[in-house]
Amino acid sequence: MSSKLEKQKQLLNEELEEILTPLCNTTDLFELIRNILMVEGRDPTSTNSQKPWPLLPLVVADSISGNCEHVVPAAAAIQLLMAAGDVFDDIEDSDVSDSISSKYGTAIAANTGTTLLILAEKALTRLNNRGINNETTLRVIEKINSFFTNACIGQHLDLSLARSVLNEGQYLDIVKLKSASQIECCCHAGAALSTIDNMVVDLFSVFGQNLGIMAQFSNDIVGVITKKDIIRRKPTLPMFFGFSHSDDKSRSILEKAFNPSCLNEVSTDQVKNVLFSSGGIQYTSLKMSFHRELAKETHYALEHRGISVRQLMEFLN
Ligand SMILES: CC(C)=CCC/C(C)=C/CC/C(C)=C/COP(=O)(O)OP(=O)(O)O
């Protein structure tokens, strides 16, 4: 991790520590929430393949204005909202054995998720301490809430349509709403708090959306390789491609794999083989590259406007 990213990480962690202060002498809720904030993709210190998404608002702000301290409360709020989304997702999907709901039950998990939401709202009011005027603060709060409303709509579609026969286009719409909107939110907030140039804000939003789609497709590939999504019967892009590009025998394997009434009729290895041999994995990887190129295009446009995007490139690898 570069020294700049280290400093940004430290700023964000200090902000979160302050936001969590009201909980520290009360109950074990403090430790619970601290641990949630440290999981993959939420922990800005993470060095594994998951990107440190909560640092994105700081990186974006720094690339625009050479400073990032003014966006730290927004980054903290988004990190808390994303963590809340994960806690609720684990309750709703009930498919993760080490989730808060599996370990402590639905009641504790629901209260933990609610606490994260309230702390996120509190974090946003701290923007005023960083010299952000009321008008900008309100505008950014409204945008952040809109992105997360989209995440809720995407989650609803995902939950209600999971067992229907979707096509690739519908799946992409859900991905944009449920997952990409959150990464887009990180980029949008970082930019909207750092410039009044709407074109720059829009370019960063487009960058964030493509980054978010890439992240979901990468997750889809990992879900097949590790067989996690096959075991959970979770329809993802490799599966949609496999369905429409397989012979009858392979398609029948996929149909059985995603049909709960055909439990154990096909093995996870059979399904994984079909998803590879149909080209589903290569296709998903190509789609990732396509969205990486779209993200890069916004970079060129931003550089053209004198904004250095060097640090952001790390998020594309
Ligand atoms: C409170 C709040 C901010 C709510 C937003 C709505 C919500 C619960 C969104 C879910 C977010 C998300 C990307 C979950 C993981 O998806 P997945 O189940 O496809 O991935 P997984 O493999 O990580 O479970």
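First listed ligand is number 1; within each ligand, the first listed atom is number 1. Along the sequence shown, residues carry numbers from 1.
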Sub-4.0 Å atoms of ligand 1 with respect to non-hydrogen atoms of [X]:
X    : answer
C152 : 4 (C), 5 (C), 6 (C)
F88  : 1 (C)
D89  : 14 (C), 15 (C), 16 (O), 17 (P), 18 (O), 24 (O)
A151 : 5 (C), 6 (C)
F148 : 3 (C)
L81  : 3 (C)
D93  : 18 (O)
L117 : 1 (C)

Between D90 and S102, do the side chains contain an N or O donor and an N or O acceptor separated by less than 3.5 Å?
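No, no side-chain donor-acceptor pair sits under 3.5 Å.
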Thinking salt bridges, do [X] and [Y] make one under a 4.0 Å N-O criterion?
X    : Y    : result
K143 : E184 : no
E142 : R139 : no
D269 : K227 : yes
D62  : K4   : yes

Are any of the N/O atoms on [X], whether in the backbone or the side chain, positioned under 3.5 angstrom from an N/O atom of ligand 1?
X    : answer
S179 : no
K178 : yes
K234 : yes
D86  : no
R232 : yes

Please verify the inter-ring angle class for F217 with Y171; under 30° counts as parallel, over 60° as perpendicular, anything in between as tilted.
parallel
What part of M82, side chain from CB on, backbone N/CA/C/O, both or neither, has a heavy atom under 4.0 Å from ligand 1?
neither
Measuring centre to centre across the rings, with the benzene-like ring taken for any Trp, is H299 within less than 6.0 Å of F207?
yes
Kindly check if the number of other-residue, nucleotide or ligand heavy atoms within 6.0 Å of NZ (K122) is above 12?
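Check fails, neighbour count at 12 or below.
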Nearest 0.5 Å, what's the CD1-CD distance between I19 and Q79?
9.5 Å
